[in-house]
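Structure record follows, encoded as structure tokens.
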Amino acid sequence: MKKRISAALIMLYLFPWGIQFMVSNFLPVYVASLPFANEETVGTVTAIGAVVTVFAQFIWTKIADKVKRKNNVLSLTLLMLAGFSALFFIKGINLVMLYVFVVFFYSCYMVHMPLIDTINAENTAITGHSFSHFRSFASFGYAVMGILFAFIPKDGANSIFSYIIILAFASVVASSLVGSDSQPKPKQEKNSKGVMNKAFVLYLIFTVILYISSSMINTFFPVYYSSAEGIGGSVEMYGVIITVGTFIEWGVMILFGKIKKEINYKYVFMIIVVSVILKSGIIYLFDNKYLVMLTVIFHGIWNGLLWSVSTPYMKKIVPEGTLTSASGMWSIAAYGAGTFTGSFLGGQLATALGIRTIFLIICFMMAILTVLCPFLFPKEHKIIE
């Protein structure tokens, strides 16, 4: 059973994050290829997807916390994703149809993140491996798909949905290998206060502030790097930076999973914040397209550590039986409140002060967050691998 579950968890990270790569990078390309689409259409689709994702995360994670077999909920969402992906092959799609299909698609997309992380956390004792060991294969799958997608056959912009369907079915097979015998039954008595408590609220505050900066970087760094007004690099070179950074992220998680001693969460989160400062600082200080590639190191440290500790930390601070709901709420804080605020605020700052100045502002924001870390993360919460 140990080998079966370990293999299943690896596949559950490889395949869905391969889907995530294609959606994040090529869904906008598909939308832009439609005859009636323009930049506003692409932006509207992205906004609709983000809003639907927030509500979907909340609903599906609540459902998952009430059932014994979270893998069944995961399989259902993946089958729905495959079915809704097939809608994009319909000929003669118009604007209204596109928006409707996007709502359907995002109603079950990204649900895999909190569900798989929870399944991983629940099986740590059985597999004998750390949470970050398996979580690292998400970054590996994302990076490898970035390389493979350059070589696999593509027949039109909507061909990405063929591969999404294939990976969704492969993920369902992997999900079926994580049986109910591997997952602990939830306790009958649950904390009457629910998922919310002081430690979790403080972590959500940290997450929102972190993702405000993260959103600014993700939105404006590629523009600044590849534009003549910025650094003057190329889109292809930026793609290399992201791919290499994702492989470093994978390596960081593998190494973190081998740590066999007690570590205070407070210091890990401080390292994450300092990595954001160093990445933003390099972008602000250097206008050389090769020197800026050094940011891949801090991209890997920042994301690798965050994905290594986020779910295990929540598992420590929320009542048993509410981890999936907590993960969903964390995703809403990160990809909802934090990302929207960062994108909007970044746009305002870029217009008023220029894109380069944004990265200096991020450094100041993260410096303040570093000082706040000791108050946001109590000393008693520690990692014990």
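Just so it is clear, the structure is predicted and the values come from calculations on it, not from any experiment.
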If we ignore hydrogens and angles and just use 3.5 Å, is the side chain of [X] paired with the main-chain N or O of [Y] as donor and acceptor?
X    : Y    : answer
Q57  : M110 : yes
S33  : Y30  : yes
Y225 : K289 : yes
N120 : I116 : no
S214 : Y211 : no

- [ ] State which residue, out of L345, L349, I283, fulfils the side-chain contact (heavy atoms from CB on, under 4.5 Å) condition with I358.
- [x]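 Single pass found, and it is L349.
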
TODO: Tell me whether the guanidinium CZ or amine NZ of R356 lies under 6.0 angstrom from the six-membered ring centre of Y284 and within 45° of its axis.
DONE: yes

TODO: Tell me whether the centres of the aromatic rings in F131 and W307 are closer together than 6.0 Å.
DONE: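 No, the ring of F131 stays outside the 6.0 Å limit from the ring of W307, centre to centre.
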
- [ ] Kindly say whether the aromatic ring centers of F84 and F105 come within a distance under 6.0 Å.
- [x] no

TODO: For the residue pair F269 and F206, categorise the inter-ring angle as parallel (less than 30°), tilted (30 to 60°) or perpendicular (more than 60°).
DONE: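 Answer is perpendicular, since the angle exceeds 60°.
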
Rounded distance (nearest 0.5 Å) linking atom [atom1] of [X] with atom [atom2] of [Y]:
X    : Y    : atom1 : atom2 : value
M293 : M237 : CE    : CE    : 6.0 Å
L306 : I301 : CG    : CD1   : 13.5 Å
I19  : Y109 : CD1   : OH    : 8.0 Å
S130 : I254 : OG    : CD1   : 8.0 Å
N71  : S171 : CG    : OG    : 13.0 Å
T207 : W330 : OG1   : CH2   : 6.0 Å

Single-linkage hydrophobic cluster, 4.5 Å side-chain cutoff, [X] and [Y] together:
X    : Y    : answer
F375 : V309 : no
L74  : V67  : yes
V173 : L76  : no
L291 : F359 : yes
F364 : I282 : yes

Open item on the list: With a 4.5 Å cut-off on side-chain heavy atoms, are L353 and I361 touching?
Closed with: yes

Open item on the list: Taking the side chain as everything from C-beta on, heavy atoms only, tell me whether L14 gets closer than 4.5 Å to I10.
Closed with: yes

Task: Test side chain to side chain contact (heavy atoms under 4.5 Å, CB included) applied to M11 and L177, step by step - done: CA-CA 10 Å; M11 290 187 288; L177 298 175; 3.7 Å; yes

How far apart are the closest heavy atoms of [X] and [Y], and which atoms are they?
X    : Y    : value
A168 : A82  : CB-CB, 4.0 Å
F220 : A350 : CE2-CB, 4.1 Å
V371 : P374 : O-CD, 3.1 Å
S6   : F134 : O-CE2, 3.5 Å
S215 : G342 : OG-C, 3.8 Å

Open item on the list: Going by the rule side chain to side chain contact (heavy atoms under 4.5 Å, CB included), which residues pair with K62 if we only count those two or more places apart in sequence or in a different chain?
Closed with: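 Checked K62 against side chain to side chain contact (heavy atoms under 4.5 Å, CB included); matches are F58, S325.
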
TODO: Might you work through the side chain to side chain contact (heavy atoms under 4.5 Å, CB included) test for V31 and T41, ending with a clear yes or no?
DONE: CA-CA 7 Å; V31 174; T41 312; 3.9 Å; yes

Donor-acceptor side-chain pairing of [X] and [Y] below 3.5 angstrom:
X    : Y    : result
S139 : W17  : no
D65  : T322 : no
D117 : Y13  : yes
Y203 : S310 : yes
N72  : S75  : no

Open item on the list: Is there a side chain to side chain contact (heavy atoms under 4.5 Å, CB included) between V178 and L12? Walk through the geometry before answering.
Closed with: CA-CA 10 Å; V178 186; L12 278 178; 3.9 Å; yes

Open item on the list: Let's go through F137 and M253 carefully: what are the C-alpha distance in whole Å and the side-chain angles of both, what is the deciding distance for side chain to side chain contact (heavy atoms under 4.5 Å, CB included) to 0.1 Å, and is it a yes or a no?
Closed with: CA-CA 9 Å; F137 285 96; M253 282 190 277; over 6 Å; no

TODO: Starting from M270, walk the hydrophobic network (Ile, Leu, Val, Met, Phe, Trp, Tyr; side-chain heavy atoms closer than 4.5 Å) and list everyone else you reach, by chain and number.
DONE: Y267

Side chains of residues 89-102: which donor-acceptor partners sit under 3.5 Å, not counting sequence neighbours?
unit_1, atom_1, unit_2, atom_2, d
N94, OD1, V96, N, 3.2
N94, OD1, M97, N, 2.8

Open item on the list: Whether E122 and K315 form a salt bridge (side-chain N of Lys/Arg under 4.0 Å from carboxylate O of Asp/Glu) is what I want to check.
Closed with: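 Judged by the 4.0 Å cut-off on N to carboxylate O distance, K315 and E122 do not form a salt bridge.
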
